[in-house]
Amino acid sequence: MRLDRFLSEMGVGTRREIRDWCRRGIVTVNGATVRQTETAVSPETDTVCVDGTQICYVAQEYYMLNKPAGVVTAVTDAREKTVLDLLPTPRRKDLFPVGRLDKDTEGLLLITNDGPLCQSLLSPRRHVEKTYFARVRGRVTPEHIEQFHLGFSIGDGKLTQPAGLVILSAGEESEVLVTITEGRYHQVKRMFAAFGYRVLYLKRLSMGPLQLDPNLAVGSFRHCTAEEVFALKQVLRQAGTS
Ligand code: URA
C-alpha cells in the first residue's frame, strides 16, 4: 500500500498535508525518513510515524451514528450536509453509510468501510430486521397489526413482507414500533400512507443485533464496540453466505 494512502485512510491528514510532512522529513517508516509519498509500506509489518507518533493501521472501522434530521444519507452531496460530515475531519476516505435513512428520519446508522458486511446487511435474502419508532397522525388499531403481519401493497405492485407493529399509544396521533425486514424506498412512510396515515416522526432504533445506544445524543457518533461488531458478523455468519 502507498504511504499516502495508508496515512489518509487512517485519517491523519489530507493528501496535501501528507505530501508536505514528507517534504519536511517528519514521516518515518521503520525509523528511516521517507520523502516520497508513493513509497510502498506494509500495514501489517511496517512502523509508520508522523512527527514521532506511531500511526497504526486499522483495516476496518465501524461507527454508530445517531442521525439527526436535516442531513442526507450520502457520502458526498453538492448542496446538502451529509452523515459523513458529522464525523471529525480529517477522516479516512473509504467510509460509507450502510443503507439509507430519509433526510427527516433520525436514529441508528452504521458507518463503516466493511463492504461485505454492508452487502450482507442490505441483502434482501438476509431479512435483517430494522425496528423504528414512529409517531403517526391517526389512530392505529389491532387491524393494522394484522395487516402489517399479512402484507399489503404500498403502490409498487409488490406486497410487503410480514412486518411487526406494536402500538405504544393510540389516539388522534399514535406512537408505534414497526419492524421490517425490507428496505424499500420510504417504506415505513408508505406503509402508513397505504392506510391514509402520515408519519410525523421516524427514528430507527435497531438494525439486526445493533441497537441505538440510548446515551448517544442526536447528531453524535461513537465507535461500535468489539461486541457489537462481533454480533453483526456472527448473525451474518449464522445466516449463511448469500
Ligand atoms: N422508512 C421510511 O419511510 N424512511 C426511512 O428513513 C426509513 C424507513
Side-chain angles (χ1 to χ4, degrees), residues 63-77 79-87 95-112 117-140 144-145 147-168 170 173-214 216-221 232:
Y63 291 96
M64 176 189 294
L65 173 72
N66 188 351
K67 178 190 173 299
V71 296
V72 296
T73 309
V75 174
T76 55
D77 191 281
R79 286 183 309 256
E80 310 263 17
K81 188 168 177 176
T82 76
V83 289
L84 266 287
D85 293 331
L86 297 171
L87 301 188
L95 293 169
F96 49 82
V98 177
R100 190 173 172 283
L101 292 177
D102 296 336
K103 187 174 171 187
D104 60 354
T105 300
E106 288 185 1
L108 176 66
L109 191 66
L110 176 64
I111 295 179
T112 183
L117 177 68
C118 172
Q119 266 189 326
S120 301
L121 284 169
L122 300 183
S123 163
R125 280 172 294 181
R126 298 279 186 166
H127 305 293
V128 172
E129 289 191 343
K130 275 100 33 185
T131 297
Y132 296 84
F133 168 84
R135 188 160 57 247
V136 302
R137 179 155 296 139
R139 181 180 292 276
V140 179
H144 294 114
I145 297 180
Q147 281 298 315
F148 271 53
H149 179 68
L150 294 173
F152 53 95
S153 168
I154 54 173
D156 55 9
K158 215 173 76 177
L159 295 186
T160 53
Q161 295 278 317
L165 179 61
V166 174
I167 303 172
L168 301 174
E173 289 182 8
S174 304
E175 294 191 331
V176 296
L177 296 176
V178 184
T179 300
I180 56 175
T181 58
E182 305 168 275
R184 284 152 74 180
Y185 183 63
H186 292 332
Q187 177 148 356
V188 174
K189 290 174 187 163
R190 285 163 64 205
M191 287 171 86
F192 284 102
F195 298 98
Y197 293 2
R198 198 158 80 84
V199 171
L200 303 173
Y201 174 77
L202 189 62
K203 175 175 192 153
R204 183 154 66 190
L205 302 178
S206 67
M207 184 180 208
L210 192 63
Q211 308 266 349
L212 179 65
D213 183 339
L216 198 59
V218 178
S220 308
F221 67 90
L232 281 167

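Note that ligands are numbered from 1 as they come in the structure, with each ligand's atoms numbered from 1 the same way.
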Give the residue and atom name of whichever protein heavy atom lies nearest to atom 1 (N) of ligand 1, and the separation in Å to one decimal.
V188 N, 3.1 Å
Just need the protein heavy atom nearest to atom 4 (N) of ligand 1, so name the residue and atom and give the distance.
D102 OD2, 2.7 Å
For the 3.5 Å polar cut-off, considering only N or O atoms, please tell me whether K189 and ligand 1 meet it.
yes
Out of all atoms in ligand 1, which are within 4.0 Å of some heavy atom of L202? Include the element for each.
1 (N), 2 (C), 3 (O), 4 (N), 5 (C)
Is it the case that the side chains of E175 and Y201 hold a donor-acceptor pair, with the cut-off being a distance below 3.5 Å and no angle test?
no
Where do F192 and F148 land on the ring-ring contact (aromatic ring centres under 6.0 Å, His included) test, with the steps shown first?
CA-CA 10 Å; F192 284 102; F148 271 53; 5.3 Å; yes
Just jot down the ligand 1 atoms closer than 4.0 angstrom to any heavy atom of Y132, in number order.
7 (C), 8 (C)
Short N-O contact, K103 and D77, less than 4.0 angstrom:
no
Distance filter under 4.0 Å to T105 heavy atoms, resulting ligand 1 atoms
4 (N), 5 (C), 6 (O)
Euclidean distance, K158 NZ relative to F152 CZ, rounded to 0.5 Å
13.5 Å
Does even one non-hydrogen atom of Y185 get within less than 4.0 Å of ligand 1?
no
Pairwise distance OG1(T82) to CD(E80) - rounded to 0.5 angstrom:
10.0 Å
Can you tell if the side chain of T112 reaches within under 4.5 Å of the side chain of F96, non-hydrogen atoms only?
yes
